[in-house]
*Asks:* 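Below you'll find the structure I mean.
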Amino acid sequence: MSKKVRVRFAPSPTGGLHVGGVRTVLFNYLFAKHFGGDFIVRIEDTDQTRFVEGAEDYIFETLSWCGLEPDESPKHGGPFAPYRQSERKENYRAYAEKLVQEGYAYYAFDTAEELDAKRKEIPNFQYNQSTRTQLKNSLTLSDDEVKELLAANTKHVIRIKMPENIEVKFTDMIRGEVSFNSSQIDDKVLLKADGMPTYHLAVVVDDYLMQITHAFRGEEWLPSAPVHILLWQYLFGLENMPQWAHLPLILKPDGNGKLSKRDGDRLGFPVFAMDWTDPKTNEKTTGFKEHGFLPEGFVNMLAMLGWNDGTEQEIFSLKELVEKFSMEHVHKAGAKFNYEKAKWYNGEWIKKLPVSNYKLQVKSLLKADGIDADNNKLEEVIELIKDRCTLLTDFVQQSSFFFKSPETIDIAAIQPKWNEQKNLFFLELIREFELMQSWNNEALENELKELAAANQLKPGELMLPLRIMLVGGKFGPHVFNIAEVLGKEETIKRIKHTLQLLTK
RNA sequence: GGCCGGUUCGUCUAUCGGCUAGGACAGCCCCCUUUCACGGGGCAAAGACGGGUUCGAUUCCCGUACCGGCUACCA
C-alpha cells in the first residue's frame, strides 16, 4: 500500500448507535489500525430535518466505551476540519455546478409536491432518462428560461444525468466485481433545494477532500454505488477513488430482515450500544453497556459477526483483532443476531479480565440496588462468583446476600426433611461456631463434619439447609466460602433466624 | 415489479477441487460439584434445487428457487 490508509465512519446524528453501526466502525477501525492508518469520524448531518440533539455526543461516548477512538473527528480535530458536513456546506455547490457545466448534471425545478403527485399518479415513478424529458429542468427548458428561473432564485435541485446504457462496475473488497447498467439508475438529487448536498454528493466530495483510501459501509448502500462511481469518474478520477467494501447486514434473530431497534424491544435484548433517550419522544432504549456488557465482550462478539481469523479461536482482545484482521475472512452473507452467543462472549471476558477492570461498575450496580459494598469485601466476593455471571448485572443477584440478609428464605426447600434432630444439630453448631478461633473455609467445613459424625448425621443432609440459611436459596458458591466472607457474627445470626422460622 | 446481493448443522462459522464436512452457541446425556453455575467428556444436527466442467465438486460455471437490500430534495 503506497498511500497511508485512511478510513472514515460517517454516521448521521439521528439517534442511538445500533450494533450494525458499531460493527461498521469496528471493521473500519481494525482495517485502519492493522495497516497503521487513520480512523476518521465524519458527521453526515446534511439532512437538517432529521437532526437530533445529543446524538453526536452519544456517538463519541459509544466509541470511547468500545475503545475505538478516532484519530480525527469534530471532537478530536484534525487537518481536514471541519468534520461536520453542515459546516462544509460551501464546498459542495461548486462541484455540483461543475457537473452541470460539463453536462453530467442538470438543474431541476420540479417541486417536491409536483413529484409526490407524479408518484401517486404513476406507479414506480422515477426521475430518470425516460421521464426527465417531460419534467421541468434545464434539459427541457431553454437556456433563457433557466437563466431567468435561476436569476429569480427559484428553488431548484441539481440532479445527476445518468448516462444511457453503460456498464458501471467496480471491485468490492468483499464481493469482488459488481456491475450495474446505468439505464436502470435514476437521476439522483446531488444538491438539495436548501443548498445542502445529498449523501451521494457529500460522500464523494468529502472522501476525496479527506483523502480516504478505503470506504466501508453497510450492504444497503450497494445499489447507490454506481452513482458514487460515476461522480468519482466525473469529479476526481477513478484512480483516486477509495476501495469500497460493503459489509454484510446484521439480521433479526427470528424470521429475516435487517435487525432493528424494534426487534430488540420485542425479543428482550439491546440493539443500541448504550442507553439512548430520544429527546423528542422521551422514549428510552437500553443499550448493551447498561445490560451488563463489558466493552471487550461487546467488541469481540461484534467482530465475530461476519469475520473470523481462519482458525477456531473465538476470543479476541481488540489488540489481537487489530493484529489479525484481514478482509479475506470477512463473510459475504448477512448474519442473524444471536443474543445467547453474545452473552457467552461476555461471560468469557468476565472470567478472563482482572476483577479490577469492572469492580467499579459492579459497585455502582449494587449501589443502585441499595447496597453499599466495601471495596475489599467486594473484590473477594466478585472472585468467588464471577464464574457464574455472564452479564455484569448478574453480580447483583449473585452477590447481594453477601452484603445483606436474604429477603426471603426458601424454607420449602428444607422443611420436608426437617426434624428435631437437625434442629438440635444446628443449635449445637451455633455453640461450636461461637467458640471457633480461626474462622475460615476449611475450619468451618471440618467443624460441621465432625459435629455431624458425632450426631450420626450425614453432612449432605446439612449442607443444603445451611446454604438456605445463609443465602436464602439454592445457589451461590461453596457454602463455607460464603460463611467465611460473612464472618462469625453474621453467619450465626442467619442460622438463628432461619431456625426460628422453622420452629414456628 | 425492476435492479443488486446472498444461500454449509436451529444460530455464528471453517473448508480457498480430494470430506469420515471441523469448531462455537443453543439442545440432550454423562462426569465434577453434598446447591446453582463454571469446567471436562459425549450425542444429535448442515452443503437450497437442477444442470454442466472435472478422475473427483460444498468449493468453478449456468439456470431455478428462496431470502435479503435498494428503488426520497433520508442516511
Side-chain angles (χ1 to χ4, degrees), chain A residues 10-14 44-47 49-50 108 110-112 115-116 119 123-128 155-159 172 174-175 178-181 183-186 188-200 202-203 217-226 246 248-249 251 253-258 301 304-315 328-329 331-345 347 351 385-390 394 398 410 413 445 448-449 458-468 471 473-479 482:
Chain A
S12 59
T14 54
E44 308 238 338
D45 54 351
T46 53
D47 186 356
T49 62
R50 294 213 310 161
D110 320 83
T111 65
L115 293 177
D116 281 346
R119 288 194 184 92
N124 298 323
F125 169 80
Q126 290 213 308
Y127 208 120
N128 61 19
K155 284 273 182 200
H156 65 278
V157 302
I158 294 179
R159 287 181 180 270
D172 186 275
I174 296 169
R175 285 150 219 288
V178 183
S179 74
F180 301 82
N181 186 299
S183 297
Q184 302 288 344
I185 303 159
D186 60 328
K188 292 275 181 240
V189 170
L190 265 21
L191 199 76
K192 299 188 257 189
D194 65 1
M196 278 290 208
T198 59
Y199 173 80
H200 305 295
V203 73
R217 67 202 337 183
E219 193 188 340
E220 70 268 31
W221 288 105
L222 206 41
S224 55
H246 291 88
L249 266 15
L251 276 13
D254 57 338
N256 291 297
K258 251 203 296 193
M301 175 273 291
M304 302 313 283
L305 227 43
W307 178 84
N308 68 85
D309 79 334
T311 74
E312 281 168 1
Q313 183 176 346
E314 294 197 88
I315 303 300
E328 286 90 77
H329 283 108
H331 205 71
K332 286 186 178 71
K336 286 189 186 180
F337 181 72
N338 183 338
Y339 189 52
E340 290 306 315
K341 185 101 187 220
K343 284 195 287 190
W344 175 78
Y345 282 108
K351 280 180 271 181
I385 62 173
K386 64 176 187 176
D387 284 355
R388 52 212 341 119
C389 296
T390 54
D394 292 341
Q398 290 290 336
D410 184 8
E445 181 160 1
L448 181 132
K449 282 185 173 167
K458 279 184 243 164
E461 296 179 86
L462 305 163
M463 301 285 249
L464 186 69
L466 180 57
R467 168 176 300 281
I468 303 285
V471 176
K474 288 193 271 187
F475 64 95
H478 273 297
V479 71
I482 297 170

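On a predicted model such as this, the values are computed, not experimentally measured, just so you know.
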*Asks:* Can you see which heavy atom on A:His200 is nearest to which on A:Lys188, and at what distance?
*Replies:*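 In terms of heavy atoms, the two residues are closest at NE2-CD, 3.5 Å.
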*Asks:* Taking N or O atoms only and anything under 3.5 Å, show me the protein contacts with nucleotides 62-65 of chain B, one pair per line.
*Replies:*
none

*Asks:* Checking the side chain of A:Arg50 only, and the main-chain atoms of A:Asp45 only, is there a donor and an acceptor separated by less than 3.5 Å?
*Replies:*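 Side chain of A:Arg50 to backbone of A:Asp45: no pair is present.
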*Asks:* For nucleotides 45-47 of chain B, list the nitrogen or oxygen atoms of the protein found under 3.5 Å from its nitrogen or oxygen atoms, one pair per line.
*Replies:*
none

*Asks:* Mind calculating the distance between CG (A:Leu190) and P (B:rC74) to the nearest angstrom?
*Replies:*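 From A:Leu190 CG to B:rC74 P: 12 Å.
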*Asks:* Could you tell me the Watson-Crick or G-U partner of B:rA65, where both distances fall under 3.5 Å? Say none if there is no partner.
*Replies:*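 Its partner is B:rU7 (Watson-Crick or G-U wobble, both distances under 3.5 Å).
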*Asks:* Is the phosphate of B:rA75, meaning OP1 or OP2, less than 4.0 Å from a side-chain N or O of A:Thr46?
*Replies:*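 Yes, such a contact exists.
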*Asks:* Rounded at 0.5 Å granularity, tell me how far CG in A:Asp194 sits from NZ in A:Lys155.
*Replies:*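 Taking CG in A:Asp194 and NZ in A:Lys155, the distance rounds to 6.5 Å.
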*Asks:* Is any side-chain heavy atom of A:Glu44 closer than 4.5 Å to a side-chain heavy atom of A:Pro197?
*Replies:*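 Sidechains of A:Pro197 and A:Glu44: no contact.
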*Asks:* Tell which nucleotide pairs with B:rC32, taking only Watson-Crick or G-U wobble pairs whose two distances are both under 3.5 angstrom.
*Replies:*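 Looking at the geometry, B:rC32 pairs with no nucleotide.
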*Asks:* Verify the contact: side-chain N or O of A:Lys192 to OP1 or OP2 of B:rC74, cut-off strictly under 4.0 Å; return yes or no.
*Replies:*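 Result: yes.
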*Asks:* Within this structure, what is the CZ-to-C1' distance between A:Phe475 and B:rU35, rounded to whole angstrom?
*Replies:*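 For the pair A:Phe475 CZ and B:rU35 C1', the rounded distance is 10 Å.
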*Asks:* Considering only the C1' atoms, how many Å lie between B:rA14 and B:rU53, rounded to the nearest integer?
*Replies:*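 Between the two C1' atoms, the distance is 26 Å.
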*Asks:* B:rG68 P sits how many Å from A:Ile174 CD1, rounded?
*Replies:*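 Rounded to the whole Å, the gap is 21 Å.
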*Asks:* Can you check whether A:Lys336 reaches A:Asn256 side chain to side chain, under 4.5 Å on heavy atoms?
*Replies:*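 Yes. Closest side-chain heavy atoms under 4.5 Å.
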*Asks:* State, yes or no, whether a side-chain contact exists between A:Tyr127 and A:Arg119 at a heavy-atom distance under 4.5 Å.
*Replies:*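 Answer no - side chains too far apart.
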*Asks:* Roughly how many Å is it from CG in A:Leu464 to P in B:rU33, rounded to a whole number?
*Replies:*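 For the pair A:Leu464 CG and B:rU33 P, the rounded distance is 17 Å.
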*Asks:* Nearest whole Å is fine: how far is B:rU13 P from A:Lys332 NZ?
*Replies:*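 My rounded result for the distance is 13 Å.
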*Asks:* So which nucleotide does B:rA26 pair with, by the Watson-Crick or G-U wobble rule with both distances under 3.5 Å?
*Replies:*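 B:rA26 is unpaired by these criteria.
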*Asks:* Touch check for A:His478, heavy atoms < 4.0 angstrom, all strands: base, sugar-phosphate only, or nothing?
*Replies:*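 A:His478: base contact, heavy atoms under 4.0 Å.
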*Asks:* With a 3.5 Å cut-off and just heavy-atom distances, do the side chain of A:Lys341 and the base of B:rA24 make a donor-acceptor pair?
*Replies:*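 By the distance-only test, yes, there is a pair.
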*Asks:* Contact between A:Lys192 and A:Thr198 at the side-chain level, heavy atoms closer than 4.5 Å - yes or no?
*Replies:*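 The answer is yes, as the side chains (C-beta and beyond) meet within the 4.5 Å cut-off.
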*Asks:* So A:Tyr199 and A:Asp47, do their side chains get closer than 4.5 Å, heavy atoms only?
*Replies:*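 Side chain of A:Asp47 against side chain of A:Tyr199, heavy atoms only: no contact under 4.5 Å found.
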*Asks:* Of the nucleotides B:rC12, B:rC73, B:rC3, which one has an atom closest to the side chain of A:Val189?
*Replies:*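 So the nucleotide nearest the side chain must be B:rC73.
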*Asks:* Given atom CD of A:Glu312 and atom P of B:rA24, what is their separation to the nearest angstrom?
*Replies:*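 Roughly 7 Å, once rounded to whole Å.
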*Asks:* Is there a side-chain contact between A:Lys258 and the phosphate of B:rG5, meaning an N or O under 4.0 Å from OP1 or OP2?
*Replies:*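 So the side-chain polar atoms of A:Lys258 never come under 4.0 Å of the phosphate oxygens OP1 or OP2 of B:rG5.
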*Asks:* Name the closest nucleotide to the A:Asn308 side chain, picking from B:rC3, B:rC70, B:rU13.
*Replies:*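 Shortest atom-to-atom distance from the side chain points to B:rU13.
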*Asks:* Strictly by Watson-Crick or wobble contacts shorter than 3.5 Å, is anything paired with B:rU53, and which nucleotide is it?
*Replies:*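 B:rU53 is paired with nothing.
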*Asks:* What are the two closest heavy atoms between A:Ile174 and A:His246, and how far apart are they?
*Replies:*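 Taking every non-hydrogen atom into account, CD1-O, 3.5 Å.
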*Asks:* Identify the two heavy atoms, one from A:Ile468 and one from A:Gly473, that lie closest to each other, and give their separation to 0.1 Å.
*Replies:*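 Minimum heavy-atom separation between A:Ile468 and A:Gly473: CD1-C, 3.8 Å.
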*Asks:* Check the distance between B:rA75's C1' and A:Leu222's CG and give it to me in whole angstrom.
*Replies:*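 Roughly 16 Å, once rounded to whole Å.
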*Asks:* From the set B:rG69, B:rU35, B:rU34, return the single nucleotide nearest to any side-chain atom of A:Met463.
*Replies:*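 Selected nucleotide (nearest to the side chain): B:rU34.
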*Asks:* Side-chain contact, heavy-atom cut-off 4.5 Å: A:Tyr345 with A:Glu314?
*Replies:*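 A side-chain contact exists here, since the closest heavy-atom pair is under 4.5 Å.
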*Asks:* Which whole number of Å gives the distance between the P atom of B:rU7 and that of B:rG47?
*Replies:*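 My reading of the P atoms in B:rU7 and B:rG47 gives 15 Å.
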*Asks:* Are side-chain heavy atoms of A:Lys474 and A:Leu464 found at a separation under 4.5 Å?
*Replies:*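 Side-chain contact under 4.5 Å: yes.
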*Asks:* When you measure from the side-chain N and O atoms of A:Asn338 to the phosphate of B:rC12, is any distance below 4.0 Å, counting only OP1 and OP2?
*Replies:*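 The answer is no; no side-chain N or O of A:Asn338 sits under 4.0 Å from OP1 or OP2.
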*Asks:* Suppose we define a pair by two distances each less than 3.5 Å, Watson-Crick or G-U wobble; what does B:rA46 pair with here?
*Replies:*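 When the pairing criteria are applied, nothing turns out to pair with B:rA46, so the answer is none.
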*Asks:* Determine the interatomic distance between P on B:rC60 and the same-named atom on B:rC70; round to the nearest Å.
*Replies:*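 Here B:rC60 and B:rC70 have their P atoms 27 Å from each other.
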*Asks:* Would a distance-only check, ignoring hydrogens and angles, find a side-chain to backbone donor-acceptor pair under 3.5 Å from A:Thr311 to A:Gln313?
*Replies:*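 Yes.
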*Asks:* Partner of B:rA37 by Watson-Crick or G-U wobble geometry, both contacts under 3.5 Å, or none?
*Replies:*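 Base-paired to nothing in any strand shown.
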*Asks:* Determine which nucleotide pairs with B:rU58, using a 3.5 Å limit on both distances of a Watson-Crick or G-U wobble pair.
*Replies:*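 B:rU58 is unpaired by these criteria.
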*Asks:* Any strand is fair game: report the nucleotide pairing with B:rA21 by Watson-Crick or G-U wobble, both distances under 3.5 Å, or none.
*Replies:*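 No nucleotide pairs with B:rA21.
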*Asks:* Measuring only between side-chain heavy atoms, which start at C-beta, is A:Glu220 closer than 4.5 Å to A:Leu249?
*Replies:*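 Yes, close enough: below the 4.5 Å cut-off.
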*Asks:* Taking only N/O atoms, report every protein-nucleotides 37-40 of chain B pair under 3.5 Å with atom names and distance.
*Replies:*
residue	atom	partner	partner atom	Å
B:rC38	O4'	A:Asp387	O	3.4
B:rC38	O3'	A:Lys351	NZ	2.9
B:rG39	OP1	A:Lys351	NZ	3.1

*Asks:* Just by distance, do the side chain of A:Glu461 and the backbone of A:Lys458 share a donor-acceptor pair under 3.5 Å?
*Replies:*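 At least one qualifying donor-acceptor pair exists.
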*Asks:* Among the candidates B:rG1, B:rC3, B:rC70, find the nucleotide nearest to the side-chain atoms of A:Asn124.
*Replies:*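 In terms of side-chain proximity for A:Asn124, the closest of B:rG1, B:rC3, B:rC70 is B:rG1.
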*Asks:* Looking at B:rC67, I'd like to know if its phosphate oxygens (OP1 or OP2) sit under 4.0 Å from a side-chain N or O belonging to A:Lys336.
*Replies:*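 No, because none of the side-chain N or O atoms of A:Lys336 sits under 4.0 Å from OP1 or OP2 of B:rC67.
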*Asks:* Sticking with atom C1', work out how far B:rG68 lies from B:rC32, rounded to a whole angstrom.
*Replies:*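 Looking at atom C1' only, B:rG68 and B:rC32 are 46 Å apart.
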*Asks:* How many whole angstroms separate atom CG of A:Leu191 from atom P of B:rC73?
*Replies:*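 After rounding, the reported distance stands at 13 Å.
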*Asks:* It should be established whether A:His331 places a side-chain nitrogen or oxygen under 4.0 Å from OP1 or OP2 of nucleotide B:rU15.
*Replies:*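 So the side-chain polar atoms of A:His331 never come under 4.0 Å of the phosphate oxygens OP1 or OP2 of B:rU15.
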*Asks:* Taking only side-chain N and O atoms of A:Arg159, does any of them lie within less than 4.0 angstrom of OP1 or OP2 on B:rC73?
*Replies:*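 For B:rC73, OP1 or OP2 has a side-chain N or O of A:Arg159 closer than 4.0 Å.
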*Asks:* Taking the P atom in each of B:rA65 and B:rC30, what is the distance between them to the nearest angstrom?
*Replies:*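 Going atom to atom, P in each nucleotide, I get 48 Å.
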